[in-house]
Structure formats: C-alpha cells, structure tokens
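The next block holds one structure in the form of structure tokens; read it before the comments.
Scope of the values below: all heavy atoms of this structure, side chains included, with no hydrogens, waters or symmetry mates. As the structure lists them, so they are numbered: ligands from 1, and atoms in each ligand from 1.
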Amino acid sequence: MTRSTSHTPEPHGPAHHHGHGDHPGHGGGHGHGHAHTAQDDALLVAVLDLDAEIFAPYLTAVTSGIAELARDRVSHVVDLGAGTGTGTFALLERFPDARVTAVDSSPAMLALLTERARAEGLGDRVRTLETDAGTGLAGITDADLVWASASLHHVDDPAAALAGVRAALRPGGIVAVAEMDGMPRFLPEDAVVGRPGLEARCREALGAVDAEQVPHMGADWGTLLAEAGLTVEQEHTEPLELRAPLPAQAGTYAHLVLGRIRGALEGRADPADLDALSILLDGGPGDVRHREDLVVRSTRQLWVARRPADAP
Ligand SMILES: C[S@@+](CC[C@H](N)C(=O)[O-])C[C@H]1O[C@@H](n2cnc3c(N)ncnc32)[C@H](O)[C@@H]1O
C-alpha cells in the first residue's frame with residue numbers, strides 16, 4: 001500500500017522527539033531474529049541520529065559533491081528510506097529551492113520526520129510517501145535527485161527498486177547510493193582482557209546474521225545501477241577514522257551500536273564473547289562510555305549515477 005501526505009509548517013511543534021513506538025516493516029540496520037518492538041525502534045532512531053551527528057562532516061562533503069554533479073537546478077529530491085531525516089534535512093539545506101519527498105516503509109519514521117520538519121519550519125518543503133521502495137516510487141517522475149542512504153540493501157529485489165528509481169528520475173536526473181560496511185568499529189584489539197580480537201569476531205558473526213536477514217548488504221551497487229540503465233559517474237570508498245579528541249557523543253554511540261550487536265548475537269556467538277561485550281556495556285570501569293581509547297572507524301561507499309538524458 002502507498003500513502004502520501006503533505007504538511008504545512010507548524011512552528012510550535014516539538015523538537016526532536018524520539019521513539020514513536022510503532023512497528024516499522026523493517027527496523028533498518030540489523031535484524032535481531034525477533035519481532036520488532038518499540039524499544040528496537042527507539043534504539044534505531046538514536047543510532048541514526050548519533051551517526052548523523054558524528055559523521056556530519058562526511059555528509060556535508062558528499063552533498064557538496066552531489067551538488068557539483070547535479071549541475072543544474074535541483075527542485076525535487078527523493079530521500080529513499082529516509083529514516084529520521086538525516087539526508088532529508090542535509091539536502092534541504094544544500095538545495096534551498098528544493099522540496100523533498102521522504103519515502104519510507106515505516107510510518108513511525110515518517111511521523112517523526114514530519115514532526116521534525118514542522119518544528120524546523122520546513123514542513124511546507126517536505127512531503128512523505130509511505131511505501132515499500134522495492135515496488136517503485138508511486139507516480140514520481142520528476143525527481144532531479146534520488147538519495148538512498150543505508151536503505152537499498154533492505155529491499156527484497158534491488159533490480160526492481162532501481163527500475164523504480166530510474167522511473168522516478170527525470171532524464172538527466174541523478175541517484176546517489178550511500179552504504180556502509182556494516183556497523184562501525186570502536187575498540188582496540190585488547191579491549192577486554194583475555195578476549196583479544198573481540199570486535200573482529202563479533203563483526204564476523206554479525207556478517208552471518210546479515211547474510212540471512214539482509215542478503216543485499218554489501219551488494220555491488222555500481223553494477224546494479226548500470227544494469228538498471230543508469231550511467232555510473234562516480235564510485236567512491238572512504239575509510240573514515242575519528243580519533244581523540246572524539247565528538248562528545250562518541251561513547252554513547254559506541255554503547256548503542258555494541259548493545260545492538262550484542263542483542264543480534266545472543267545465542268549466536270561464543271558466550272565468553274557475549275560476556276566480554278557485557279563488560280563494555282554494563283556501566284562499570286570497562287564501559288565504552290568511560291574509555292579513553294576508542295577510535296571510531298567506518299567505511300562508507302558512494303555511487304552516483306545518472307539517468308541518460310537522451311534515453312527513453
Ligand atoms: C538504516 S536506516 C537509514 C535511514 C537514513 N537513510 C539514514 O541514512 O540515516 C534504513 C531506513 O530504510 C527504511 N526501509 C527499509 N526497507 C524499506 C523499504 N523496502 N522501502 C522503504 N523504506 C525502507 C527503514 O524503515 C529505515 O528508516
């Protein structure tokens with residue numbers, strides 16, 4: 001089912017309200033092997049917002065590169081799998097004349113995003129479309145830019161989703177696909193005594209969960225974009241590394257991410273590794289929120305492709 005709404009500004013709306021506790025179709029990130037709960041949703045919102053804050057300079061650089069490639073006027077942007085609105089708000093700022101259609105399968109995410117847009121006085125520039133982006137983008141044919149960050153790997157059929165993206169773009173319009181190599185990393189090799197290599201092992205175990213639950217994570221989006229009839233103009237891999245002095249929220253971010261990893265690996269990893277993860281999460285002296293030795297690492301990939309101007 002597809003539902004679209006448009007909103008007018010409401011300057012007195014609440015600012016960042018976390019945790020609309022409905023049940024989005026996909027929680028995003030990593031499936032936990034159990035039904036989604038309001039708590040999962042609230043955690044996802046918190047992780048997405050912290051990710052936006054901590055990697056803000058990267059996003060600014062990316063949207064600046066996209067503006068150069070877009071060349072001419074950008075008046076309609078589609079944010080595919082918009083989540084809490086990180087891309088929506090960055091692109092509204094980058095393209096001050098544009099409006100954004102925020103697309104998501106989760107009504108809770110769209111409600112949160114709408115509330116934020118209103119609170120920022122941007123409600124008249126944001127429309128929402130509740131749909132499974134894997135089945136197309138319902139009637140949109142005039143997009144100058146489609147932005148899909150950490151979302152396309154969730155769809156059941158990437159080829160169908162990209163056919164929908166192509167149909168939504170005007171000839172000459174561009175699509176940017178941003179993905180990351182799984183969860184970010186934070187820990188030194190010897191973070192927990194007696195469990196060297198803990199984080200690498202946990203990521204490997206998580207990879208097995210992902211392979212089952214989000215099989216298109218790590219897909220070759222360049223090839224898929226080309227197969228969808230789009231011309232890939234840029235392909236870029238950026239290993240991001242943040243060292244001390246870290247942004248203020250880095251410890252909280254590490255705590256949330258490692259907590260989600262622990263949840264996903266319950267019953268799937270060596271119990272000694274799960275215990276070691278608990279030491280990093282339990283509020284004691286080994287807790288990641290108190291450590292001085294965190295380094296935040298995350299590899300980000302970006303593909304930018306264009307719908308040929310002269311193709312049907
Ligand atoms: C990891 S979040 C990324 C959010 C945002 N793009 C960002 O970069 O912060 C993935 C988002 O995609 C949405 N999503 C998952 N599957 C979807 C689908 N089939 N169609 C539309 N949205 C989907 C989820 O609800 C979630 O909001």
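Residue contacts with ligand 1: Ser149 is placed with a nitrogen or oxygen under 3.5 Å of a nitrogen or oxygen of the ligand (distance criterion only). Taking distance alone, with nitrogen or oxygen atoms compared against 3.5 Å, Ser106 stays at or beyond that limit from ligand 1. Polar contact with ligand 1: present for Ser105 (N/O pair, distance under 3.5 Å).
Atoms of ligand 1 found under 4.0 Å from any heavy atom of Gly83 (numbered from 1 in listed order, with element): 4 (C), 27 (O). Which parts of ligand 1 touch Ala133 is read off a 4.0 Å heavy-atom cut-off, strictly below it: atoms 18 (C), 19 (N), 20 (N), 21 (C). Heavy-atom contacts of Met109 reach the following atoms of ligand 1: 27 (O) (cutoff under 4.0 Å). Annotation for ligand 1: atoms under 4.0 Å from non-hydrogen atoms of Asp132 are 18 (C), 19 (N), 20 (N).
Atom CD1 of Ile174 is separated from atom CG of Leu169 by 8.5 Å, given to the nearest 0.5 angstrom. Atoms OH and CG, on Tyr253 and Asp49 in that order, are 11.0 Å from each other to the nearest 0.5 Å.
Annotation: ring pair (Phe, Tyr, Trp, His ring centres under 6.0 Å) contacts involving residues 72-131, sequence neighbours excluded, are absent. Pairs engaging residues 75-96 under the salt bridge (charged side-chain N to carboxylate O under 4.0 Å, His left out) rule: none recorded [sequence neighbours left out].
Of all the heavy atoms of Thr131, the ones lying under 4.0 Å from any atom of ligand 1 belong exclusively to the backbone. By the criterion of a heavy-atom distance under 4.0 Å, both the backbone and the side chain of Asp104 are placed next to ligand 1. Using a 4.0 Å cut-off between heavy atoms, Thr86 contacts ligand 1 through its side chain alone, with no backbone atom that close. Residue-level proximity to ligand 1 for Ala82 is carried by the backbone, the only part with a heavy atom below 4.0 angstrom.
Nearest heavy atoms, Leu224 versus Ala219: CD1-CB, 4.0 Å. For Ala117 against Val126, the heavy-atom pair with the smallest separation is CB-CG2, 3.9 Å.
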*Apply salt bridge (Lys or Arg N to Asp or Glu O under 4.0 Å) to Arg268 and Glu212, showing your working.*
CA-CA 13 Å; Arg268 291 178 177 257; Glu212 260 171 48; 3.4 Å; yes
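Side-chain contact, Gln301 with His236: no donor N or O sits under 3.5 Å from an acceptor N or O.
Proximity annotation for atom 5 (C) of ligand 1: of Gly81, Ala148, Gly85, Ala150, Gly81 comes nearest, heavy atoms only.
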